[in-house]
Amino acid sequence: AFIAGRVHRRHDCDAAVPAQNEEMVLRDGTDNARILAHFRIPALTWKRHGPRPVYDFHSPKQKTAIGRQETEPRPSNIIQIDQNLLETRLDRLVAEKVTELLNAMLDAEADEIANAARYERTGERRAYRAGHYGRRLTAKAGRLELKVPKLKGAVFESAVIERYRRREESVEEALIDMYLAGVSTRQVDDISQLLWGERMPSQTLSDKLKKVYGDIDAWRTRPLEGEYPYVFVDGVWHKRSWGGSVENVSILVAIGINREGHREVIGVAEGMKEDRASWEQFFRGMIERGLKGVRLVVGDRCAGLVSTVNGMLPKARYQRCMVHFMRNVLSKVPPAHREWASAALKAVFAMESQESALAKAGTVAAEMESRRLRGAANRLREGIGETTTYLLDEFPDGHRRRIRTNNMIERPDREIRRRTRVVGGFPDSNSALMLVCARIRYVTASEWSTRCYLDMSRLDDTLREANRSSRHGRP
């Protein structure tokens with residue numbers, strides 16, 4: 001039907017098409033002839049003795065119609081280039097030239113070790129040629145077939161290609177970067193087979209990653225220099241094997257804002273649970289590495305986090321995430337009252353001071369009780385104090401919007417979850433921790449860490465004003 005429609009449209013708008021009773025010649029083969037005969041469509045070509053219309057749509061000066069001969073001759077020296085074929089031949093040519101170059105370098109090294117060229121008769125020869133053996137090397141140019149010389153009387157050690165190396169360093173680095181960027185080991189294997197024609201088994205990739213894990217662990221345990229007035233903490237859960245079974249284990253992450261206002265990942269560690277013991281060990285490790293000058297710790301309402309902050313950082317205050325607190329309160333509100341409750345909570349956190357916010361929260365809690373929302377009212381009264389810490393006078397107004405929630409750390413957390421979801425379950429704690437650290441380091445090594453997040457000069461101004469007001473307020 002599609003062919004018939006196109007042919008009939010062309011037949012109706014084309015006055016030069018001959019009638020059906022004229023002699024036609026089919027030039028498209030027997031299959032096209034059967035199709036045209038079945039739909040009773042006239043052929044699309046002229047008689048053999050008639051001129052065949054030719055169109056050149058790339059020439060704006062040519063004005064031809066169907067049935068008329070071209071006024072300008074078509075060029076006969078048109079060059080057609082097959083792009084895919086050209087790229088294939090170029091890749092093959094590059095691979096051949098690189099193979100010849102490496103083989104020549106290997107022969108030169110063998111001559112230097114033997115102190116004589118091949119077939120050269122000299123009394124200073126130290127070794128003799130004993131043929132060669134084939135060796136495959138995967139490089140950017142593709143798979144290379146090399147001929148490594150063998151010597152009798154000396155050991156051939158090449159400086160061009162390391163012993164037992166099967167891939168170029170750039171290829172290995174590309175595969176490792178793909179794995180750390182979020183590609184699974186199976187996909188790395190498939191991509192390696194597609195690009196370079198050689199597979200990368202998961203065990204081989206794991207062995208290569210051990211070299212990278214040393215640098216990652218050094219970055220994770222580096223000394224902390226300077227002060228970090230704001231510290232954001234959170235935990236991310238993943239699955240790993242433990243005692244013959246798969247259990248949920250958390251990865252504790254801490255991000256600090258230094259005196260210049262830049263964000264920096266200052267701590268990543270594994271905690272069996274988000275309990276007090278895990279948090280104490282986590283903060284103790286950061287303090288031993290040099291964590292100091294902390295004024296505010298922002299996090300969720302985790303078990304043991306508040307007591308750990310009060311015990312190990314006595315000069316710091318704790319700020320509960322406002323977004324998570326609102327979700328906890330709204331979870332006790334039925335859908336019929338949820339819109340009102342959401343607007344009321346937003347009004348509480350829109351206050352200018354903590355005293356006014358607490359007073360507004362008391363009014364909202366009383367209204368909730370009048371609406372028979374006692375569970376939401378109790379939850380509001382329990383957590384409103386630690387959720388409005390950002391409204392204290394010691395914190396600048398320009399910082400409040402960003403220090404009242406834990407949203408800043410949610411971006412690295414999403415990347416961790418996306419990467420650990422690909423793996424599924426980890427065989428041990430070190431593999432999970434190293435992969436999470438590598439992913440966090442990969443994400444934060446960008447504008448995320450170089451862009452100024454807060455203007456920390458306002459924090460010093462606020463602290464001086466608070467000290468001045470306290471001195472004037474003394475009797």
Side-chain angles (χ1 to χ4, degrees), residues 228-238 250-258 261-271 273-276 278-280 282-283 286 291 294-310 312-313 316-331 342 345-346 348-350 354 357 361 379-380 382-392 394-420 436-437 439-440 443-444 448-449 451-454 456 459:
Y228 297 90
Y230 299 137
V231 176
F232 298 78
V233 295
D234 196 8
V236 183
W237 292 88
H238 67 280
S250 65
I251 294 289
L252 306 180
V253 183
I255 297 178
I257 300 180
N258 55 24
H262 296 167
R263 293 171 289 184
E264 182 180 348
V265 179
I266 60 176
V268 182
E270 186 183 44
K273 298 179 181 179
E274 292 188 44
D275 53 0
R276 181 172 181 177
S278 300
W279 285 115
E280 286 182 355
F282 182 56
F283 275 95
M286 290 191 295
L291 179 63
V294 181
R295 301 184 184 180
L296 183 68
V297 177
V298 185
D300 299 337
R301 181 64 177 179
C302 304
L305 178 58
V306 180
S307 59
T308 301
V309 172
N310 295 333
M312 305 192 71
L313 299 172
R317 297 181 179 272
Y318 173 72
Q319 166 65 36
R320 184 177 179 180
C321 180
M322 182 195 72
V323 175
H324 291 83
F325 175 71
M326 290 181 62
R327 292 175 183 173
N328 293 335
V329 175
L330 293 177
S331 64
S342 178
L345 292 177
K346 290 179 181 179
V348 171
F349 295 110
Q354 190 179 29
R379 185 161 294 186
L380 177 60
E382 291 174 359
I384 189 61
E386 60 188 10
T387 314
T388 56
T389 308
Y390 72 98
L391 293 174
L392 295 175
E394 57 187 279
F395 302 111
D397 296 341
H399 294 183
R400 292 178 176 179
R401 184 176 62 87
R402 291 188 169 179
I403 64 175
R404 65 182 182 179
T405 66
N406 209 20
N407 293 340
M408 188 264 289
I409 203 173
E410 293 295 331
R411 166 76 170 114
D413 288 350
R414 284 197 303 269
E415 291 296 328
I416 294 173
R417 294 187 183 96
R418 186 179 70 85
R419 187 64 188 92
T420 55
V436 170
C437 292
R439 187 57 189 167
I440 293 177
V443 172
T444 57
W448 185 91
S449 59
R451 183 170 56 89
C452 184
Y453 189 71
L454 290 175
M456 302 304 290
L459 184 62

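Since we're looking at a predicted model, the values are computed, not measured. In what follows, every heavy atom counts, from backbone to side chain, and hydrogens, waters and symmetry copies are set aside.
- Side-chain contact between Leu459 and Met456 is present, with at least one heavy-atom pair separated by less than 4.5 Å.
- Between Ala361 and Ile384, the closest heavy-atom pair is CB-CG1, 3.6 Å.
- In this structure, Gln319 contributes its side chain and Thr389 its backbone to a donor-acceptor pair below 3.5 Å.
- Between the side chain of Arg320 and the main chain of Gly383, no donor-acceptor pair closer than 3.5 Å is present.
- Salt-bridge formation is detected for the pair Arg317/Glu394: a Lys NZ or Arg NE/NH1/NH2 atom is positioned less than 4.0 Å from an Asp or Glu carboxylate oxygen.
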Output, in order, the C-alpha distance, side-chain angles, deciding distance and verdict of ring-ring contact (aromatic ring centres under 6.0 Å, His included) for His399 and Tyr390.
CA-CA 8 Å; His399 294 183; Tyr390 72 98; over 10 Å; no

Check against side-chain contact (heavy atoms from CB on, under 4.5 Å), Ser307 and Arg276:
CA-CA 8 Å; Ser307 59; Arg276 181 172 181 177; 3.6 Å; yes

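- Between Arg401 and Arg404, the closest heavy-atom pair is O-CG, 3.7 Å.
- For the pair Val233/Ile409, no side-chain contact is recorded, criterion being any heavy-atom separation below 4.5 Å from C-beta on.
- With Leu296 as reference, Ile403 is the one residue of Ile403, Leu392, Leu313 to meet the side-chain contact (heavy atoms from CB on, under 4.5 Å) rule.
- Arg263 has its side chain within reach of Met408: a pair of non-hydrogen atoms, C-beta onward, lies under 4.5 Å apart.
- Contact between Ala357 and Thr388 at its shortest, heavy atoms only, is CB-CG2, 4.1 Å.
- To the nearest 0.5 Å, the span separating CG on Asp300 from CG on Leu305 amounts to 8.5 Å.
- Ring-plane geometry between Phe282 and Trp279 is classed as perpendicular, the angle between the planes exceeding 60 degrees on a 0 to 90 degree scale with a lower cut at 30.
- One distance of note links CE of Met322 with CD of Glu386; it measures 14.5 Å at 0.5 Å rounding.
- Side-chain contact between Asn407 and Val323: present, with at least one pair of heavy atoms (C-beta onward) separated by less than 4.5 Å.
- Distance OG1/Thr387 to NE2/His324: 12.0 Å, rounded to 0.5 Å.
- Between the CZ atom of Phe395 and the CZ atom of Arg400 there is a distance of 10.0 Å, given to the nearest 0.5 Å.
- Two residues are said to be in side-chain contact when any heavy atoms from C-beta on lie closer than 4.5 Å; Cys452 and His262 meet this criterion.
- Summarising the geometry of Tyr318 relative to Val306, their closest heavy-atom pair is CE2-CG2, 3.5 Å, with the distance given to 0.1 Å.
- Nearest heavy-atom pair, Gly267 versus Met286, reported as atom, atom and distance to 0.1 Å: CA-SD, 4.1 Å.
- Using a 4.5 Å heavy-atom threshold, the side chains of Thr405 and Phe325 count as separate.
- Once rounded to the nearest 0.5 Å, the distance linking OG of Ser342 with CZ of Arg327 reads 11.5 Å.
- Side chains of Arg379 and Ser331 form a contact here, defined as non-hydrogen atoms less than 4.5 Å apart.
- Of the listed residues (Val298, Ile255, Ile266, Val309), just one forms a side-chain contact (heavy atoms from CB on, under 4.5 Å) with Val231, and that residue is Ile266.
- Listed by chain and number, the residues in a side-chain hydrogen bond (donor to acceptor under 3.5 Å, both in side chains) with Arg402 amount to none (sequence neighbours excluded).
- In this model, no donor atom of one side chain and acceptor atom of the other lie less than 3.5 Å apart for Thr308 and Glu280.
- Looking only at side-chain heavy atoms (C-beta outward), Ile251 and Val436 come within less than 4.5 Å of each other.
- Of all heavy-atom pairs spanning Ile257 and Phe232, the tightest one is CD1-CE1, 3.7 Å.
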